[in-house]
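Written below as structure tokens is the structure these notes are about.
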Amino acid sequence: MKKTISIILAIFASAVLVFGQDARQRTVSTIVSDVLALMPIQTADELQSEITSLAAAAPQSVELLASQLQAPEKGVNNKIEYAINALANFACAPGNEKYKDAVKQGFKKAAEAAADPVAKAFLETQIRLLSPEDEPKPEVENATAKELLARAKALAKSDNRNDLCESMYLYDKVLGKDNLKNVLKALKSDNRSYRVTALDYAEKYADEAFIGKLVSKYNKLSDGAKVDVLNWLGDNKVKAATDLFISQFANGGEIADAAIEAAGKTGGRKAARALIDILGTDKDAAAMKALKSFPKSLTREVEIALGHADGQKLESLLSLASGKRMKNCADKVFELAGSNESALKALAGVVSSDDFGKIAGLLDKASDAQVPAYAKALQAALSKMVPEAKYATVLNAIENANNKERFFPALASSNTDQAVDYLANAYNDGNQAALKALTKVQNLKALKPLLKAANDGDETSYYSYITLCNGLIGDPDEKCAKIASALANAKKPELVIPTLNILAGIPTAQAFQLASNYLDDKATAITAAGAVKNIASKCVDVLDAAKTKEALGKAFDIYQKRGEADDEYACKELKKMIDAIQEPSPIYELTADEQKQGFELLFDGTNLDKWVGNKEGYRISNNCIYVTAGYGNGGNLYTEKEYKDFVFRFEFAFARPGANNGVGVRTPMGVDAAYDGMCEVQILDHDDPIYEGLNAYQVHGSVYGVIPAKRIVHKPLGEWSCEEIRVQGNHVTVTVNGEVILDGDVKEACQGHNVAPDGSNVNPYTVDHRNHPGMFNETGHVGFLGHGAGVEIRNVRILDLNAKTAKKGRK
Amino acid sequence: MDKSRRSFLKTSGAGLALFTVAPRTAFGKMGGNNNYIAPSDQLTRGIIGVGGIGMSSNHFVSDQNCRLVALCDVDSKHLDNAVSKAKEKLDETPKTYHDFRELIHDADVDIVHIATPPHWHALMACEAANAGKDVFCEKPMTRTIGEGKRVKEAVKRNGTIFRLNTWFRFKDTFYGLGTTVEPLKKLVDSGLLGWPLTVRISGATGFAWKFYWTGKENLIPQPVPECLDYDMWLGPAPYKPYNPHRVHQTFRGYWDYDGGGLGDMGQHYIDPVQYFLGKDNDFPVKVEVDAPQQHPDAIGIWRSITYTYADGCKIILEGEGFESSGKVPYIEGPLGKVYKGFECTIPNVQELINEMPDPEPRNTDYLECVKTRRHFALNEENGYHSATIVNMGVCALRLGRTLNFDPKTQLFIGDDAANLLIDQPMRGEWGKMLK
């Protein structure tokens with residue numbers, strides 16, 4: 001007891017001392033509490049600097065830190081544990097030796113003093129990290145070579161697998177290469193483990209002499225040992241044993257199988273020919289396996305063998321030639337294709353572009369049964385051509401063909417715009433073969449005819465449509481919109497389910513909304529649950545809190561109800577996500593001051609009643625306006641009323657990096673406000689690396705194309721900024737988070753020339769050299785101008801400076 | 001019970017292995033059909049750990065080729081549940097054990113299937129190897145690099161047939177690649193992608209690191225449930241007060257027992273990469289981590305872990321939420337790239353691959369390996385290598401720094417503390433069992 005007290009006193013005595021080495025002149029206890037407040041730290045660099053101060057103040061800092069560890073029942077130790085662990089990691093790191101002793105001393109004292117056994121054990125593991133010299137040395141076997149040999153000899157007499165293997169282990173250790181003779185001896189054993197283990201030990205020492213002995217003794221070995229030896233020779237690719245392998249092909253069962261496998265692994269022309277020779281026999285399957293993985297090309301051997309093979313042997317050779325794309329066998333396969341079905345099927349594997357004309361002729365004249373194989377061969381012949389050449393070649397063939405439709409799949413395989421046009425036209429004329437070809441094409445132009453066919457009930461077209469959207473459309477919003485237009489007419493679960501699986505990979509609010517529509521239908525529920533879980537976990541948009549909670553809650557129930565092996569993980573993940581959903585923004589009211597001045601709330605979080613325009617692309621989500629509208633896509637959002645002079649205030653946040661929007665001033669609806677309105681005040685996450693080459697007049701707050709704003713650094717994604725835009729006459733003032741970033745006169749900025757004096761469309765007086773015909777509009781709407789998804793807006797209010805209600809300091 | 005445990009500890013390996021030649025118990029219910037395999041030719045298997053993967057439909061099986069004859073668990077609820085499932089679904093009445101050593105030394109068991117948390121794998125595998133049993137071990141192979149060495153050594157000395165259970169290097173569609181590993185191996189071997197290669201294992205390339213396997217800090221001690229022998233569950237792990245989050249399904253979140261998502265999925269994802277890069281006999285020389293500060297007990301998340309081989313090949317793991325953006329290649333070489341779904345920058349790559357020889361055949365039937373004593377395709381040797389990659393990452397994460405590794409000595413270079421993590425002390429008597 002006394003001891004504990006004195007230690008604590010010692011700690012506190014030193015804790016109040018200012019610690020000299022600390023750059024900020026903090027006391028030890030301040031250093032400790034500063035570090036604790038930061039735990040855990042996100043990056044190694046940051047951690048390094050904090051822990052350096054802590055280590056420099058050791059041992060006092062360590063003792064003080066460790067003395068704060070409490071019994072685990074309290075559940076409060078995590079920050080201290082982080083700090084202690086970081087400190088031990090720091091002090092044991094190469095280069096930090098100068099801190100080590102003091103830190104270790106601190107840990108040792110703390111461990112002695114620790115009352116709680118769990119805390120004590122924890123501190124001891126940290127001390128271990130700092131004390132490599134105290135580590136117990138591993139026990140070394142100090143038996144002499146003689147003793148080991150005697151032991152090995154005794155063990156070798158056992159009939160137990162472990163003993164025998166152990167004896168070989170000891171022999172190998174003592175004898176090294178001289179153990180090879182024991183390996184040969186072991187092959188006489190009827191214990192397979194012993195034989196195989198012995199051969200393993202031979203691997204590193206085996207030389208020609210050993211191989212020679214092995215091969216010469218081979219015939220005297222038991223069948224089991226023969227197999228082991230063949231396996232070993234094959235695994236080690238012993239070329240010198242090729243003749244032995246071949247001689248064993250004629251043997252039965254396991255021996256032949258082992259010899260065939262070994263010959264295949266070892267390779268060589270002789271082995272290849274021998275393996276080909278046994279194709280068509282009862283060893284056909286084993287030989288084929290060996291030939292498929294044969295380490296060298298077999299084109300010559302197969303071509304020769306094809307000349308005089310029949311039956312199963314011919315089948316196997318054709319399958320090899322085709323599977324390994326042996327073009328040199330094409331003539332022979334063509335010759336056989338008319339009469340032999342296997343050869344016909346093999347054709348696609350052996351043809352090259354030179355064969356195109358020949359196949360085209362055959363395809364045109366083929367019987368219906370032969371068509372699929374020739375059509376496949378035709379595409380194979382095209383495979384190495386560039387798309388345009390493919391298209392031209394096939395089109396030419398079509399023009400000369402009687403059975404034009406047989407060439408449609410090959411035309412489609414060019415994936416060119418022309419091919420799609422050709423096939424779409426044919427489909428419009430009612431040609432179903434053209435539609436079938438369109439379902440295989442990799443070109444977005446095919447979407448239109450495919451969607452039409454899908455809406456007419458053709459399921460293959462539907463699958464092709466959604467697969468194409470998924471594969472070829474990069475922009476997630478566009479991908480989702482396109483998929484939505486097909487999904488709208490899809491009723492069957494077998495159509496909806498693959499669509500949901502695609503939506504699962506699109507991390508947008510729209511995809512989330514679409515997928516959540518299918519949570520209630522039993523047939524689609526589990527797939528939809530997977531989709532909403534996936535989308536929500538990766539979503540780049542801000543999702544509506546209430547709707548998300550509802551959808552994820554449903555997904556949770558669906559997984560829980562099914563209760564399969566992995567569903568528990570899904571539930572855990574969903575629970576975590578639901579707990580992390582942030583509360584929506586508050587409903588705003590005007591401040592007393594704004595009320596006094598006569599501001600009007602345009603958007604308080606509840607409704608867009610004072611707005612007109614695109615309320616689809618500007619949706620209310622979490623009591624904010626969330627923008628998903630793209631540029632010129634579905635329009636902008638405008639104030640219902642028009643304004644001349646005004647003060648416009650709002651808050652904005654970026655949900656997606658690089659998000660882009662703007663405030664239109666005195667603008668008519670449906671035009672480009674930057675030119676046909678008075679101006680557009682830019683809203684842009686210009687910090688995103690995609691805007692590297694941005695012009696000064698495009699940064700956030702600029703009067704677009706006319707007056708550049710001071711470039712600010714935006715807050716992190718998701719954090720709110722306040723903005724005020726004051727427009728009076730030709731004067732515009734933009735204030736962000738209290739800082740004026742633009743204050744200028746548009747007329748002065750272009751010296752009165754909002755349009756080029758010479759009537760051309762190059763205007764030397766504006767910084768973007770464009771005409772701004774709307775600049776001197778008397779009045780107009782204020783609007784949000786969408787350039788893609790990812791901006792959030794809230795608390796929008798306006799003071800109309802021309803209205804009679806606008807009061808200045810009314811008491 | 002206690003007494004018998006001690007006697008097992010003292011009499012290791014050789015003596016006990018005599019049991020293996022003892023006659024096997026004959027089992028009933030052998031139909032009279034042509035596929036009849038005499039009981040003496042049947043292999044038998046016992047599972048240690050029947051609360052998780054041991055109960056999966058791939059493993060909880062019994063057939064004529066290999067009978068499930070014994071089960072072991074330290075949670076009596078698991079054991080009861082497994083027994084009734086065995087009766088119901090397999091028509092078997094396996095023997096049950098509380099102490100794994102008794103299952104291992106049961107003369108009726110040929111193959112020991114280790115399906116416990118990883119902190120037990122090494123002890124059990126070594127004990128089984130010493131007892132003359134063959135071993136089927138779940139991934140990750142071991143919890144530390146040192147334990148991996150011990151297993152390798154024990155397997156070698158005893159002529160054990162060891163299978164590490166992950167399988168993507170030889171079968172099944174390999175996650176985001178939409179194909180087996182085989183054509184990737186052919187492509188890499190062909191040299192068409194150039195050299196060295198960088199492999200990115202990331203959500204962006206189709207792999208999830210399962211960050212829900214993170215631990216909880218400030219665990220409040222709770223009473224141990226009646227059904228669980230917590231002391232035996234912990235075994236070699238340091239004593240820490242019981243909390244249900246430490247054990248059973250959530251143990252993966254604690255360094256004492258596993259390595260979080262990296263421990264759980266690392267060998268699944270990395271082992272096939274080691275195979276197609278041709279690195280089965282090599283180790284990375286460097287591991288770098290980018291991660292938030294790690295708690296000493298509860299495993300946290302990480303942003304990336306980068307392994308570099310001496311020849312410049314890299315394996316980069318990207319944590320969930322920290323994936324590279326844009327179009328991210330799975331394999332990137334100076335001459336070509338492979339993306340998710342086996343999309344490749346090399347024109348006609350599929351045709352070119354078809355022309356190439358298939359990879360060398362491997363032994364992928366474990367029971368066949370047990371009979372022929374040939375090494376299984378994923379064994380103690382290449383399994384030790386890929387487990388070591390995982391464990392190098394664990395060491396670097398726990399220490400929060402870059403580590404350099406010497407493939408020859410299999411020790412970290414110039415970092416004594418990191419080398420202390422290669423071998424970690426085992427609690428009480430357990431340390432003496434690993435010799």
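Letters go in sequence order (proteins before strands), and every chain restarts at 1.
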Review point. Are there more than 12 heavy atoms of other residues, nucleotides or ligands under 6.0 Å from atom NZ of Lys371(B)?
Key: yes
Point to revise | Arg401(B) side chain near Cys92(A) side chain, heavy-atom distance below 4.5 Å | key: yes
Study note, to complete from the structure: When the 4.5 angstrom heavy-atom criterion is applied to Arg128(A) and chain B, the contacting part is both
**Study point:** Contact class of Gln48(A) relative to chain B, heavy atoms under 4.5 angstrom
**Key:** neither
Review point. Quick one: are Ser293(A) and Pro361(B) in side-chain contact, heavy atoms under 4.5 Å?
Key: yes
Check your understanding: With a 4.5 angstrom heavy-atom cut-off, which part of Lys173(A) approaches chain B: side chain, backbone, both or neither?
Key -> neither
Practice item. Start with the C-alpha distance between Asn158(B) and Arg161(A), add both sets of side-chain angles, then the distance that settles side chain to side chain contact (heavy atoms under 4.5 Å, CB included), and finish with yes or no. Key: CA-CA 7 Å; Asn158(B) 292 302; Arg161(A) 159 173 124 199; over 6 Å; no
Review point. Relative to chain B, which segment of Tyr194(A) carries a heavy atom at a distance below 4.5 Å: side chain, backbone, both, or neither?
Key: neither
Check your understanding: Who wins among Asp200(A), Leu130(A), Thr43(A) for the most heavy-atom pairs under 4.5 Å with chain B?
Key -> Asp200(A)
Review point. Would you say the side chain of Pro221(B) lies within less than 4.5 Å of the side chain of Pro72(A), judging by non-hydrogen atoms?
Key: yes
Exercise for review: For each of Val76(A), Val118(A), Leu199(A), tally heavy-atom pairs with chain B at distances under 4.5 Å, and name the one with the top tally.
Suggested key: Val76(A)
Review point. With a 4.5 angstrom heavy-atom cut-off, which part of Leu129(A) approaches chain B: side chain, backbone, both or neither?
Key: both
Review point. Should we say atom NZ of Lys327(A) is surrounded by more than 12 heavy atoms from elsewhere, each under 6.0 Å from it?
Key: yes
Practice item. Against chain A, label Asp423(B) side chain, backbone, both or neither, depending on which of its atoms sit under 4.5 Å from a heavy atom there. Key: backbone
Review point. More than 12 heavy atoms of other residues, nucleotides or ligands under 6.0 Å from NZ of Lys575(A): is that the case?
Key: no
Point to revise | Residue part contacting chain B, namely of Ala121(A), when any heavy atom lies under 4.5 Å | key: neither
Check your understanding: Among Lys292(A), Glu166(A), Arg192(A), which residue forms the greatest number of heavy-atom pairs with chain B at distances under 4.5 Å?
Key -> Arg192(A)
Point to revise | Between CH2 on residue Trp255(B) and OG1 on residue Thr125(A), distance to nearest 0.5 Å | key: 14.0 Å
Check your understanding: Is it true that a side-chain atom of Arg325(A) and a backbone atom of Leu352(B) form a donor plus acceptor pair closer than 3.5 Å?
Key -> no
Point to revise | Donor + acceptor pair across side chains of Asp235(A), His375(B) (<3.5 Å) | key: no
Exercise for review: Give a yes or no answer on whether the side chain of Asn162(A) reaches the backbone of Gly159(B) with a donor-acceptor pair at less than 3.5 Å.
Suggested key: no
Check your understanding: Pick from Ile353(B), Asp415(B), Asn419(B), Thr372(B): which one has the most heavy-atom pairs with chain A under 4.5 Å?
Key -> Thr372(B)
Check your understanding: Do you know which two heavy atoms are closest between Tyr82(A) and Gln293(B), and how far apart they sit?
Key -> O-NE2, 3.1 Å
Review point. By a 4.5 Å heavy-atom criterion (distance strictly below it), what part of Glu73(A) contacts chain B: side chain, backbone, both, or neither?
Key: both
Review point. What class does the angle between the rings of Tyr569(A) and Trp213(B) fall in, given that below 30° is parallel, 30 to 60° is tilted and above 60° is perpendicular?
Key: perpendicular
Check your understanding: Among Gln249(B), Met356(B), Arg303(B), Lys240(B), which has the most heavy-atom pairs under 4.5 Å with chain A?
Key -> Arg303(B)
Exercise for review: Identify which of Thr197(A), Val196(A), Ile41(A) forms the greatest number of heavy-atom pairs closer than 4.5 Å to chain B.
Suggested key: Ile41(A)
Check your understanding: In Å and rounded to the nearest 0.5 Å, what is the CD to CZ distance from Glu360(B) to Phe294(A)?
Key -> 12.0 Å
Review point. Quick one: are Asn231(A) and Arg374(B) in side-chain contact, heavy atoms under 4.5 Å?
Key: yes
Point to revise | Which atoms of Pro347(B) approach chain A - backbone, side chain, both or neither, heavy atom under 4.5 Å | key: neither
Check your understanding: At their closest point, which heavy atom of Lys74(A) faces which heavy atom of Ile220(B), and how far apart are they?
Key -> C-CD1, 4.2 Å
Revision key, fill the gap. Per-residue tally against chain B (heavy atom, under 4.5 Å) across Lys576(A), Lys289(A), Met39(A) peaks at Met39(A)
Review point. So which of Lys384(A), Lys572(A), Glu135(A) has the largest heavy-atom pair count under 4.5 angstrom toward chain B?
Key: Lys384(A)
Check your understanding: Distance from Asn354(B) atom CG to Ser322(A) atom OG, nearest 0.5 Å?
Key -> 9.0 Å
**Study point:** Proximity breakdown for Ala83(A) and chain B, heavy-atom pairs closer than 4.5 Å
**Key:** backbone
Practice item. Mind checking the CG-CG spacing from Leu291(A) to Asp358(B)? Nearest 0.5 Å is all I need. Key: 11.0 Å
Review point. Do any N or O atoms from the side chain of Asn89(A) and from the backbone of Arg398(B) form a donor-acceptor pair under 3.5 angstrom?
Key: yes
Check your understanding: Between Glu320(B), Gln222(B), Glu351(B), Lys186(B), which has the largest tally of heavy atom pairs under 4.5 Å with chain A?
Key -> Glu351(B)
Revision key, fill the gap. Okay, Ala129(B) and chain A: the region with an atom under 4.5 Å from a heavy atom over there is backbone
**Study point:** Region of Glu182(B) that comes under 4.5 Å of a non-hydrogen atom in chain A
**Key:** neither
